[in-house]
Number of protein chains: 2
Amino acid sequence: MKFEAATIKDIAKALGLSTSTVSRALRDSHEISPETKKLVLEYAEKINYHPNPIALSLKERRSRTIGVLVCEIANSFFSQVINGIESIAYKSGYNVIIAQSRESFDREILNLQYLTSRSVDGLIISVSTETTDFSYLKDLHQKGMPIVFFDRIVSEIDTHKVIADNYAGAYNATTQLIKSGYKRIAAISNPEMLSISKERLAGYRKALADNGIEADEALIKYCKHGGMIGDEVNIVLLELLGQSQKPDAIFTTSDKLTTGCLRILKENGISVPGDIGLLGFSNNDLTELFDPALSVIKQPAFEMGEIAIGYLLQLIESKHPVTDFETKVLPTELFIRNSTK
Amino acid sequence: MKFEAATIKDIAKALGLSTSTVSRALRDSHEISPETKKLVLEYAEKINYHPNPIALSLKERRSRTIGVLVCEIANSFFSQVINGIESIAYKSGYNVIIAQSRESFDREILNLQYLTSRSVDGLIISVSTETTDFSYLKDLHQKGMPIVFFDRIVSEIDTHKVIADNYAGAYNATTQLIKSGYKRIAAISNPEMLSISKERLAGYRKALADNGIEADEALIKYCKHGGMIGDEVNIVLLELLGQSQKPDAIFTTSDKLTTGCLRILKENGISVPGDIGLLGFSNNDLTELFDPALSVIKQPAFEMGEIAIGYLLQLIESKHPVTDFETKVLPTELFIRNSTK
DNA sequence: TTTTTTTACGCAATCGTTCCCGAAAAAAAT
DNA sequence: ATTTTTTTCGGGAACGATTGCGTAAAAAAA
């Protein structure tokens, strides 16, 4: 079965007018008489006419659809960002197509091909942990595709970007750990190449340095797939805990790593914060209900989404090529709870 | 700036052929000579030609886009269902547009209008807690729009449906509570009109009855907005705990209610399961990390999504009107943890 | 050699909408 | 009464791709 919508032709035929007249009447053109307008408008209302967006897209050479590429929508941070994006996109008459890379570079490229082949007007992207080759994105951007990056940005591509103040967030969190008396603070991070990893680890290192603690490279671990695959987190945790000089606290740089860490620690009967302190980036709303309540750094996810879509619409609707790009940096929030002493 | 894709005309002009020849060559028609085909294919590859899906949609009178309407994507259950939907839709060359009602009837209608005006080929819907008037949906369905319901279904509309075995899930959970020694088991539910509420409360009542416990209507509370708005959960909890004969356990019928309940109880210093036991429906992956680890009933969310999109594609791609509809009922899983003794 | 068949391609309509032109009718100016 | 202007509307091309139909040339059959 098909759902057949009314067209402008139906109206024209029923009223004995031409399609041009009907079209103009619907758009309230001055060159249509008030009587004809009334006739058309009333009949359109009656048969519940709505312009076919596909025909419009073809004519206007724009789809009024934007693509959002994230690693996973089930992740609180990303679903909050998407909420922010959709709230504005919706008001502006844009569709949002969401694609998930699940931290795989291959899937990212596939999704990108899919989104562009569906002729999106622009893209909002947070790259996967695996992505080190940006040539596909560069190519797309160079061909004129409007792109806005958020969270995991690509420094080599010059466009609008939206990030949290990862450096300060990590710095403050690490400082807090030090103030609480922790001496050997380990870090578990996404791959080093990722912008957020660099920034957050830089903040971590600076906080250590400012407090006269030498960063021990053996205490800095990376999870290639951001904790998405298998027992990645388990492995690095075992490495950390197997050292002669065990860490007394762990700083994690992403949602999945933070909750993943707590899970593994609990499974192994390691008390938090008794045996080891835990503090990390997380936007999950339920971390305060955890045992122990997690100390976390939160990003203003919804707002990041709103700003990203604002930038994108600006790019899409600009008449002239934009050459002046902004990077919006938003403050993070630190919540100290019971997973740190 | 605009992103201009190559068209069939570009190929035709460059090669001195007609667009029909190019189109046929690309579709490997038998009435095009091998040499011409080779020429066209190679040039198409060179300029990275991809057929314009919008033009195809207009011609084929289908958008290859489906709409998904849920109350909130940040809810684990729904994001898991969406993952299931997208995994299959993607493979079948369909787009997915997601809309959120946030448990508001008005927003639901607005979203429905939006989705149909964007000419989706079909809809997958879980209605909001506020929805009691199904006339808009009925109208849409009657006009030929393929619709599949999941989770919160509409019994009055005859189409494919996918649900968990809510009755059995609730029955088993309540039985478990009784076996654990709980005597006065309260229930906090979404509005009574909602299909899942009816089914889950029916299971709850039957379990009580089968164990010789009379259901006390004062122990059954409803949250009009599913715990989305303000202090709904707080209010019903206070009502429950203010009774002369306090409940010794609470059974909650949805994700938001379950976690909301735990939050309020903890805020008020009420020990779980010491003072009161808690068990409810939830698909959140982190409930085992909670304090206390939550006892939950889980639905096979991903699978529900897969089945729903399967049904929908079947409806969309059927040549003849479908009159024989199925309701798939999937088993739930019970996880007993520390929020019940 | 002539006729028939096959091959290989082009023309034009179509999907729904907009918009540039042209034109008839009505109104205004001469 | 005639010309000019304005109002109001229709014809048709365009957006990108597909497809039924027509046809020239080449190949095959007579």
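Residue numbers begin at 1 in each chain, while the letters A, B, ... track the order of the sequences. All heavy atoms count here, side chains included; hydrogens, waters and symmetry mates do not.
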With a 4.0 Å cut-off on heavy atoms, is B:Ile54 in touch with a base, just the backbone sugar-phosphate, or nothing at all?
nothing

Distance, rounded to the nearest Å, where B:Leu56 contributes CG and D:dT18 contributes P
5 Å

If we call it a pair only when both distances are under 3.5 Å in a Watson-Crick or G-U wobble match, what pairs with C:dT6?
D:dA25

When you measure from the side chain of A:Arg61, which nucleotide among D:dG10, D:dC15, D:dT19 comes out closest?
D:dC15

Compute whether any side-chain donor of one residue and acceptor of the other, for A:Ser104 and A:Asp106, lie under 3.5 angstrom apart.
no

Could you give the CZ-to-P distance, from B:Arg24 to C:dA12, as a whole number of Å?
14 Å

Value in whole Å for how far the C1' atom of D:dC21 lies from CD of B:Glu31:
10 Å

Separation of A:Arg64 atom CZ from C:dT17 atom P, in whole Å?
16 Å

Taking atom types as modelled, find out whether A:Arg107 and A:Tyr114 have a side-chain donor-acceptor pair closer than 3.5 angstrom.
no

Just by distance, with hydrogens left out, do B:Ser20 and B:Ser23 show a side-chain donor and acceptor under 3.5 Å apart?
no

Is the shortest side-chain N/O distance from A:Ser33 to OP1 or OP2 of D:dC9 below 4.0 Å?
yes

Between B:Phe150 and B:Phe78, how do the two ring planes meet: parallel, tilted or perpendicular, split at 30° and 60°?
perpendicular

Answer yes or no: is there a side-chain heavy-atom contact under 4.5 Å between A:Lys161 and A:Lys328?
no

Given that A:Leu26 and B:Lys37 both sit by DNA chain C, which one's nearest nucleotide is further toward the 5' end?
B:Lys37

I want to confirm an ordering. Mapping A:Thr36 and A:Ser20 to their closest nucleotides on DNA chain D, which one lands closer to the 5' end?
A:Thr36

Please tell me if B:Lys9 has a side-chain N or O lying less than 4.0 Å from either OP1 or OP2 of D:dA14.
no

Nearest-Å distance for atom pair NZ/P, residues A:Lys59 and C:dT14:
18 Å

May I ask you to verify if any side-chain N or O of A:Thr21 is less than 4.0 angstrom from the OP1 or OP2 atom of D:dC9?
no

Whole-Å distance between D:dT19 P and B:Leu58 CG?
14 Å

Nucleotide C:dT18, atom P - distance to CZ of A:Arg62 in whole Å
14 Å

B:Ile47 atom CD1 is separated from D:dG16 atom P, nearest whole Å, by 12 Å

So does B:Thr7 get a side-chain nitrogen or oxygen closer than 4.0 Å to the phosphate oxygens (OP1/OP2) of D:dG16?
no

